[in-house]
Amino acid sequence: MRRWFDDLPKYADDSSWWPKGTTRCRPEVFLFWLGLPLTIMAYFGVSAFLVLFKGLNQTNMNDYFAFGVWIVVDLAVIALGAGAFFTSFLNYIIGKTELKPIVNAAVLIGFICYTGAILMLGIDIGQPIRGWFGFWHANVHSMLTEVMFCITTYAIVLCIELLPSVLDNRRIGKVPEFGTFSHNLHTIMIVFAAAGTFLSFFHQGSLGGMFGVLYARPFAFRGHLGIWPMTFFLFVMSAIAAGPSFTTLIVMITEKITAKRLTSHKVKMLMGKISGWLLLVYMVCKSVDTLYWAFIYLPSKGLSVGQMYQMPYGSWLVWAELGLFGWLPVVMLLTPRVRESYGLLFLAMLLNCIGVTLNRFIFTIQSLALPVMPFEKFISYLPTWQEWGVASLVLGHGLLIFMLAYRYLPIFPQEPELNQR
Amino acid sequence: MATHQQGKKQRSRADWLLLVVGLILGSAFGFWITPTILYAEKPQPLQFNHKLHVEQVDKGCKSCHQFRDDGSFSGIPGLATCKSCHSGDEPLGNTPAEKEFMKYLKANKPIPWHVYSRQPDCVFFSHAAHAENAGLECTKCHGQHGKTEKLRPYEYNRLTGYSRDIWGRGPIGLAGPPDRMKMDDCAKCHRENGVNQACFVCHK
Amino acid sequence: MWRKNQVRYGMVIDVDKCTGCGACAVACMSENNVGVLPDETDKIRSITWLRVYQIDNGKPFPDTEVAFFPRPCMHCQGGTSGAPGQAFFQEDTDPQEAHTPCVSVCPAIATDYDDATGIVSQIPTRCIGCRYCVAACPYHARYFNWYDVPWPQGTPRGLSPFVSPRMRGVVEKCTFCYARLQRAKNKAFVGGGKVGEMDYQTACTEACPSGAITFGQLQNPAHKVHKLIQSEFAFRLLEKLGTNPKVYYMSKRKWVRMMADNHLSQAKATQAAASGGHK
Amino acid sequence: MDWDRRTFVKFAVGAVIGIHASPLIPKFMDDTAIWTQNWNWVPVPEDGAVAYAHTVNPHTGTGAKAKLIDGRVEGLRAIRVEGNPNHPLSQGGVLPADASALQLLYNSEIRVTKPLLRNRSTGVMTQLSWPQALDLVAGNLANLAKNGQAHMAAALGADPSSTTGQILMRLMQALGSPNVAFTPTPRETMALAGLFMMGQPFLGFDLANANYIVSFGTPLLDGFGAPVAVRKAFAGWRGYPKNQARLVQIEPRASVTASQADQWLACKPGSEGLVALAMCRIMIDEGVYDRAIESAYGWNDADGLPGFKSYLLKNLDRAKTASLAGISLPKLVKMTLAFAKADRAVAVCGPGNSGDPGRLYDFMSVLALNALKGNLGKPGGVVAQQPLPLKSLGGALPEAKPPALAMAGRPFGVNNVHELAQAALAGKPYGLKTLILCGGNFVFNGPQANVMHDLARKTPFVVAITPYMDESAGMADLVLPSTHWLEGWGDSTTPFGSAVSCYGLHRPLVKSVDEAKDGGDILLALAQRLGGPVAAALPFKNLGEAMAKRTQAMGDFKKLAEASYWAQKRPAYGAMRFNTPSGRLELSSRVLRNLLSKGGRDADKTARALGVKAGAQTAFLPHWEEPAAYAEGAAYPLVMQAVPSLRTTWGDEAVTPYMVKILPDTVLANTDKLVVEMHPATAQQLHLQEGDAVLVESSAGSLTAKLTLYAGAAPGMVFVPLGLGHKDFGFQVAGKGMNFNRAVKVTSDPMSGMPIWELTGVSVKKVRG
Amino acid sequence: MLPFVFEWQWDIGHIVFFGLFFGVVSVVFGVLGLTILKTILDLWSGKIHSADH
């Protein structure tokens, strides 16, 4: 007499779905760990429900802090997700095929970041159901319009770029239709890479432009080059500098967790080197820009740098952003010895990513925190648990997607040979 | 890795047709369901013969749908306007509708008409600007409503509560006035005649 | 580009006449169907189209002194700012392009700059609630509806049909009582004639018990405001930012003028003070 | 071909693409968007024909213009209250209270719609029909009258000069009760001061035409007489590049008036009258005064009593006085000389910052100063109003026999609400059995709210006639719904300080809620039910008729009602007529002397008994005595004064939601905490800091609040916003802040017998919270 | 936003912005469509690729 659960192991056995030549943890272990992202998603779900049904009064945003932690996280993840477009740009268009082993991961991370960001933006606006007005009745002069259009389109492109990885799953790939489709996609991928690069360049820039054009907010405003303020280019540069680092960072973390080698260290070093050089360029521009802003622009508006940095947003932020999380990672990433060391490389990339996140935080929160009217009071802002809940979406659905992808999709082509024993 | 596999050809060819069939059925379903689930009908509280009334009065539409001194437009007239003709206790004609109407008149109870052309609250439509200043005919937007002998049932959108006449009767709603009175139609006319298109011209 | 003959509605507020009674603010709310929340002490979420700021000169007793800054929407014009009569008229050539801080950033064209009146609109039914405009406005003149307005039972009966009540999740702001211009135009259409200075006055202007607010066409020599903005006592909030506001303030008190614009040149303030500032 | 999973998938995919190729998706998107634009919980006001109607807000005296809309379905409704440009006093301006009146009118959550009977033990309210309710009251009163206890019924009303007030008075008098009291106003104090010195009860200040104004501690711009009228005058004083008139404010706090004034002389609290006398002294010393005054009675010593001049020269040393008042002498002298030199200068007295009716001797001193300046009857000076041509509602009624509760031991005076309440509570000479609260919301407005609260609690039968479920209604056994001023008839008379007399009238403009009746109609119906002499004393069908009779001399009533006001054309300039015993200006008041020595009593004893420390030697002269608040002892080291504001209240109406909404966080802090002001130095001595929660305690009551430090607050004082702290009036008003009147200590002015509460001795301690 | 939406203006701003946007979109979806088409044709003509062996 068989009991109903005797067959369970048989059903639960998903080894036939694993990427070729790889081993994965036992299903029950995997299921157990799935609990983590699912819990986060549940937290997000509750928060999102409250915000959508009761309105944005569930947050601590107000008429002074029109933007809050959501926008900060959006900007940050979009910047960090830039690894996707830039790596595929280098890989498919420049032809740096050394990056092939990591490009899938980059695309996957990009996909996670962008879908997360878009979802959050949908919750962030007061009238989500009308959100599409932004597309249908677009105001072409608004940087935000550019952001909306490019982000959404690029998200679609990312889905397409990610498609082959999905179709190349061992079981799915067996289906002739899918297999063939995937094959054809591979051959044409360069087009999507190009489109993605184009779109990303603009929305990464426009995100910066959003703040650079606020000429009534002296903290954020920057001089223009053509129709774009300096922040436009600064944001692009910081994004492509941080993106590769973040991708590599995630790969490294995955390696630590799974105790497997997923890409060769050469690839990581290359990514680090790329990050380093880009970051150098960025930091030079950023420093010049900051100096110009501080000593030429602000005085011209009868203001001084001192006024711009009030506690808690004191001048320590400058040193942190430009020093600890700016020039330090530049130096580290450009030092071969550092790149060769797994740990130091990790640290350098971490600093790099923190730096860009901090930059987005400063531009979002601090530009709003500073009262412009002479008789306004300084007001501080702390997010509510609902806000954190929604903000944690990226983490939750990121983990979920990445775990599933790692288990079933051939994200890391090098994994089989690197882990032969 | 890629290899040729024979034998599956026939099958695959044939069932691609199914995709096309599904496509047609699906879109047909969409076209059919859109008006049916979206719109509901309400009868008007009582019948009204515009044709008859227009024949009785001398100033056309304006005899009942008047402008006030401050330039605002009365829209659907109140009982007071009706009383100017229906003064006596006896009906003037002998239609059942009028008998029904006399009840309202006696009770001095406003008639809850459903307005086919009622715009949403955010719209400020100036009849003065259009009828007086631009000298447009009522028919330009209201069509031949003044010639109708009976009131068709009032159709409204279940979701928005609007009259169907605003979105237009066509499935995609690309017809202009008088079949449709959407913002695009206002804007089109404004543009063609070089009228100011700023938001506040027509919004409140 | 110079566009002298444009109709540009604007306001002059005499700070020395303002006694901070708030009649203007209340008149504004009742004119424009502004709601009241259970907790209105939460000022950073309280909707007051016309907010009366209180400032003081920071001097010790008994030299302390307060003054009031009623702050409507400034209906910024963008372009190059500067002294009235000159740069004030240098606005962007393309009204679509009008670099009013808020108009240029709105992704959904929920706010626009009317080239025929110079009034900055706000259309709540178009607004998607992204609050980019709120961030762009240095005057905090734009307010987001964080809540649905809890109208107490019966009170909707007292609402005006000329301004549409707003829903939760959209931005609203002072519109220079635009509905009044709409009605004034209607009257002109039917009765003939033009919309005169007195036919279109904002609710706050009418209400102010000490006549501190003057409203009219800034570039029309026949209108009071035109003369007032030429005065050396006239100034604007945050002039140097280049928002080019259409709301002017007047005061004989130097400290008030300094307070109004942390960029305002000492020279201007002093020169005005020299000619008979009373403190 | 055979059906299997893949073929079906193909079909499904096709179908999905097909649906997207139909209008379903875009139409649904569009309509959901439109749905969000027309959420059915967002009100849609009905359009209709617009009409305007003139009226007057009896609580503020503002000439208003109601904007009415006649909707096809919803009918006539008011959508706005604007200013009436024709009104001589307010000339189109409004106050926050006027502009937001509709919030009280239409808020059915706070309106009383039916007569309600309250069960004291359970607090449960039950609806009554009007006949039932009226029978209940009439029965109770008739019963008292039968048992010769009519005097044990008392009535408190809002405005004695209004027709409703007149009806209330006649009703009680005819019933046989002397106990009718009204909201105390400076009008009474001014009337007495005027009578005592000039035999002129109706005096006003011609502010509009003055070019040098000295205001003695009265909040000219924060609520004075008809606030809008004052502002209109103020607007005239301002100008570019030079002001048209100079305003000098004398008070302890950098108030709005002080700040907008051209000069602020910060004085010790309560010393304003003293400053006026000091100015008199300076003018005499410098010889810059109108010589005509030398012919006034009591200028020189007369009838063995010191004259004003000798009194000043003997008792009022300039330097000492200045330091006593805390003003630098040179500044004072300079200002006084400018005042004396100015061609149209006026000295202004009036309500205190705490809204009290003012001290008689301060008023007299200011009048004396004006007399010295010689501006009596001159443009921009002190003028006598032409009395309103109002008929009385009927012949004189017999005086009630038992003495009024309030007037125990006073040879004359007005009926003092506070004394009435205290005597009744003490049962000396007798207690109350029935209390009628006819408007005025005394349980909130006080003057000393907790005393009024106790009175309402202790009195066996309390009737409240009110439009709202206010604090008084909350204490009443029977609540009778009266109309809002936009719904019913009513009137108000000349506001304090106005140069011209002005009668304001309001009529029904919109349908009244449910069963509300005009306050006057309720009283008249009551009179009819009581029958006999009461009914005979009030032979009117309704309030409108009574008003019509009263205003006969103002011409056609219908026209008057539509115009909504009657006003004296221009101020009565020209030599003032003194209806005094001496027929001259009396600086030493003989009227006062006669009153004090009435029936051969020793004037000096009487004076001292009343609390005039100086005794008869100076009792008849304008002079200064230390405010009672100084003598509160070490337990109450600080002096509390209110901060009046037109944003918190004006008149006896409650603050409206919009007014609450615009309160700055220096008045009402997050969340709904009352904020009190203190000078930083004083706070330091008390070890208090910005934002501390404090307990402000007087010997009469207390309140808790949040402390804010304000350099413009006089040291040694604490300033409390006036008019907040309602328990009722709906979620937008209730529970906002605390009631100043619950901490205040009311005393009686020794001479006028008016309740005064300008200053209260308090202690301020830090508390948790 | 499409040219027949009333806010549309034939100015540089709109032409450039939407020119680029629709350009990219059409490229992306065009190529995607073509790939799908090619896949179908491949399947018909039997040029089938699949993951295993």
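All chains are named by letter (A, B, ...) in the order of the sequence lines, taking the proteins before the strands, and each is independently numbered beginning at 1.
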Checklist entry - Non-hydrogen atoms of chain B under 4.5 Å away: do they reach the side chain of C:R166, the backbone, both or neither? => result neither
Next on the checklist: Atom NZ of residue position B:K83 - does it have more than 12 heavy atoms of other residues, nucleotides or ligands inside 6.0 Å?
Outcome noted: yes
Item to check | Pick from C:A188, C:A184, C:S121, C:P161 with the largest number of heavy-atom pairs that fall under 4.5 Å of chain B | outcome: C:S121
Next on the checklist: Tell me whether the count of non-hydrogen atoms from other residues, nucleotides or ligands lying under 6.0 Å of CD in B:E55 goes above 12.
Outcome noted: yes
Next on the checklist: If you count heavy-atom pairs within less than 4.5 Å of chain B, which of C:T111, C:T175, C:N32, C:V163 leads?
Outcome noted: C:T175
Checklist entry - Where does C:P124 contact chain B at under 4.5 Å (heavy atoms): side chain, backbone, both or neither? => result neither
Next on the checklist: Tell me if the NZ atom of B:K106 is crowded by more than 12 foreign heavy atoms within 6.0 Å.
Outcome noted: yes
Checklist entry - For C:F162, is it the side chain, the backbone, both, or neither that has a heavy atom closer than 4.5 Å to a heavy atom of chain B? => result backbone
Checklist entry - What is the distance from atom CD1 of C:I119 to atom SG of B:C199, rounded to the nearest 0.5 Å? => result 12.0 Å
Checklist outcome for this item: Greatest number of non-hydrogen atom pairs under 4.5 angstrom with chain B, of C:A110, C:S164, C:G191, C:A179, falls to C:S164
Next on the checklist: For the CG atom on B:N193, are there more than 12 heavy atoms of other groups (residues, nucleotides or ligands in this structure) within a distance under 6.0 Å?
Outcome noted: yes
Checklist outcome for this item: B:D70 and C:R183 have their tightest heavy-atom pair at OD2-NH2, 3.1 Å
Item to check | B:D121 versus chain C, the contacting section by heavy-atom distance below 4.5 Å | outcome: both
Next on the checklist: Minimum heavy-atom separation for C:V190 and B:A128, please, with both atom names.
Outcome noted: CG2-CB, 3.7 Å
Item to check | Under 4.5 Å from any heavy atom of chain C - which part of B:F67 | outcome: side chain
Checklist entry - What's the shortest heavy-atom distance between C:I123 and B:H203, and which atoms? => result CD1-CB, 3.6 Å
Item to check | Shortest non-hydrogen contact between B:F200 and C:Y178, atoms and distance | outcome: O-CE2, 2.8 Å
Item to check | Heavy atoms from other residues, nucleotides or ligands near NZ of B:K99 exceed 12 (cutoff 6.0 Å) | outcome: yes
Next on the checklist: Quick check on B:R118: does its CZ atom have over 12 non-hydrogen neighbours (other residues, nucleotides or ligands) under 6.0 Å away?
Outcome noted: no
Checklist entry - Got a donor-acceptor contact below 3.5 angstrom from the B:E132 side chain to the C:N186 backbone? => result no
Checklist entry - Atom NE2 of B:H127 and atom CZ of C:F189: how far apart are they, to the nearest 0.5 Å? => result 14.0 Å
